[in-house]
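Below is one structure, written out as structure tokens, with a few remarks after it.
The structure displayed is predicted, hence computed values, not measured ones. Chain identifiers are assigned alphabetically (A, B, ...) following the order of the sequence lines, protein sequences preceding nucleic acid strands; residue numbering begins at 1 within each chain.
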Number of protein chains: 2
Amino acid sequence: MQEKSPRPYHHGDLKRVVIETAQAMLQEEKGWQFTLREVARRAGVSHAAPYKHFPDKSALLAELATLGFDQLHREVDGTSGRHARASRTEFVAAAKAYIQFGTANPSLYRLMFSADVDKKAFRTLDEAAAGAFAVLTGILERGQDSGALKKQPVRAQAAATWALLHGFTLLAIDGQLLPDKVGAKPIDAVLTSLLEGLAS
Amino acid sequence: MQEKSPRPYHHGDLKRVVIETAQAMLQEEKGWQFTLREVARRAGVSHAAPYKHFPDKSALLAELATLGFDQLHREVDGTSGRHARASRTEFVAAAKAYIQFGTANPSLYRLMFSADVDKKAFRTLDEAAAGAFAVLTGILERGQDSGALKKQPVRAQAAATWALLHGFTLLAIDGQLLPDKVGAKPIDAVLTSLLEGLAS
DNA sequence: CCACGCATGTTGACACTGTCAACACATGTT
DNA sequence: AACATGTGTTGACAGTGTCAACATGCGTGG
């Protein structure tokens with residue numbers, strides 16, 4: 001039987017394949033502490049080929065994080081869009097979507113906030129992060145407009161909301177929210193508590 | 001003039017010097033992404049000498065993180081000790097000490113929660129982290145006992161408190177709490193809000 | 001259709017890393 | 001004094017990230 005021809009010299013779509021290979025490796029035990037050479041091996045190209053698509057390894061990691069923020073943005077926006085006229089429900093739905101995103105994608109979520117991706121160095125990443133964050137401020141603004149939430153600097157409310165969601169997401173990822181220790185519905189409880197502090 | 005003798009073959013206190021050198025390097029731009037060889041060079045020994053005191057690089061990083069948790073524990077405990085009979089004041093003082101620790105030691109704080117130190121792999125580290133966390137649960141327990149805080153699973157309250165403090169500490173470290181955006185006293189505001197949710 | 005420019009591959013090299021084994025030196029103990 | 005142990009050094013290894021030079025192929029214009 002005739003052996004299959006090797007891949008033509010020009011891959012044609014190598015950037016996407018490198019990204020997808022890296023995303024797959026992110027799910028493995030080492031998370032994003034893979035090597036670029038191993039990504040290239042799995043993508044079936046030479047060790048230097050990714051350098052034609054990414055200036056360096058940190059650029060690939062930034063790309064992964066950017067895609068993560070974009071996905072987080074879509075998931076949080078998607079839930080809040082369905083509840084746009086009910087501030088409290090909108091808020092809770094968005095918050096749960098946030099935590100759900102983190103627990104469904106623990107390595108990606110951690111990468112997004114890791115020291116290995118520098119938002120100051122990658123403009124697209126910084127914008128993606130800001131965009132995801134803006135969903136929160138949008139929900140809080142609508143809550144204030146509707147009278148459901150206190151009139152306060154919305155960035156302060158957003159900071160408090162993000163801080164709690166982020167910390168809780170990390171606890172959820174680390175398996176620290178055991179029902180026998182924190183009660184049956186820790187996420188509901190914490191969101192209720194947060195809303196008590198934010199509500200008019 | 002007689003030249004100074006080189007260091008004797010036996011350093012005598014190399015482990016401590018390696019740790020202190022690494023702590024100093026933690027304050028530099030690369031944070032904990034230094035190399036062990038560079039630590040050894042600055043400590044004035046060969047590249048393999050640290051391997052007589054640490055099984056590998058991650059053990060050194062775990063040691064730094066452990067010392068960080070111990071210091072955090074002392075600082076949070078110290079403030080709450082001075083307010084042990086006034087739950088609300090005790091809580092606020094401890095919370096501010098927590099955030100202050102993080103903003104005073106940004107790289108160390110980030111290392112403590114980084115993927116580069118694995119609490120499951122280092123028992124002393126895990127215990128130090130648990131000890132620091134236990135200060136929070138102790139404060140909350142005393143608050144519940146005194147009637148100042150709701151009777152709830154204390155671990156749930158601790159989870160919510162830690163989540164908020166951790167997230168806020170990261171925002172403070174990243175310079176995201178600008179007064180013109182979040183108001184003049186964001187930390188006071190967020191702690192007040194948190195206490196509203198926790199208080200009886 | 002051909003030539004050129006560009007995109008995007010490969011090869012090979014470099015400096016460096018983490019880590020290990022074997023050895024060297026010094027200390028402590030019997 | 002001899003031995004065991006602790007703790008240094010030297011040298012090596014396998015691997016990394018990244019770069020330069022070259023190789024291949026695609027797209028475009030004449």
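Per the geometry, CZ belonging to F54(B) stands 12 Å off P belonging to dT7(D), to the nearest Å. If you take CG of L60(A) and P of dG17(D), they are 10 Å apart, rounded to a whole angstrom. Here dG17(D) presents its P atom at 10 Å from CD of E38(A), a figure rounded to the nearest Å. Atom NZ in K15(A) sits about 12 Å away from atom P in dG9(C), given to the nearest Å. Straight-line distance from the NZ atom of K30(A) to the C1' atom of dT16(D): 10 Å, rounded to whole Å. One interatomic measurement links the two molecules: CG of L36(B) to P of dT9(D), which rounds to 13 Å at whole-angstrom precision. Going from atom CZ of F34(A) over to atom C1' of dG15(D) covers 17 Å, rounded to whole Å.
A donor N or O paired with an acceptor N or O is found under 3.5 Å between the base of dG9(C) and the side-chain atoms of K52(A). At a cut-off of 3.5 angstrom, counting only N and O atoms as typed in the model, there is no donor on one side facing an acceptor on the other between the side-chain of H10(B) and the base of dT27(C). For a distance-only test at 3.5 Å, the side chain of Y9(B) qualifies as a donor-acceptor partner of the base of dG8(D). Side-chain atoms of R37(A) come within donor-acceptor range of the base of dG17(D), with a qualifying N/O pair under 3.5 Å. Counting atom types as modelled, H47(A) pairs a side-chain N or O with a base atom of dG12(C) as donor and acceptor under 3.5 Å.
Listed pair R41(A) / dT16(D) meets the phosphate criterion, a side-chain N or O lying under 4.0 Å from OP1 or OP2. Applying the 4.0 Å criterion to OP1 and OP2 of dC25(C), one finds that R7(B) has every side-chain N and O outside that range. Between Y51(A) and dT18(D) there is a side-chain N or O to OP1 or OP2 distance below 4.0 Å. Side-chain N/O atoms of H53(B) include one lying less than 4.0 angstrom from OP1 or OP2 on dG8(D).
Between the side chain of S193(A) and the backbone N or O of V190(A), no donor-acceptor pair lies under 3.5 Å. Of the possible donor and acceptor atoms, one in the side chain of Q157(B) sits under 3.5 Å from a partner among the backbone N and O of K150(B). S114(A) places no side-chain N or O within donor-acceptor distance of the main-chain N or O of R110(A), the cut-off being under 3.5 Å.
Within 6.0 Å of NZ on K120(B) lie no more than 12 heavy atoms contributed by other residues, nucleotides or ligands.
Counting any heavy atom pair closer than 4.0 Å across all strands shown, K57(B) reaches sugar-phosphate atoms only and no base atom. Nucleic acid contact for S46(B): base, since at least one base atom lies under 4.0 Å from a heavy atom of the residue.
The residue among L14(B) and A48(A) whose nearest nucleotide of DNA chain D lies closer to the 5′ end is L14(B). Nearest-nucleotide positions on DNA chain C for S58(B) and G12(A) put G12(A) closer to the 5' end.
When the options F122(B), Y109(B), F133(B), F113(B) are evaluated for a ring-ring contact (aromatic ring centres under 6.0 Å, His included) with F69(B), the one that passes is F113(B).
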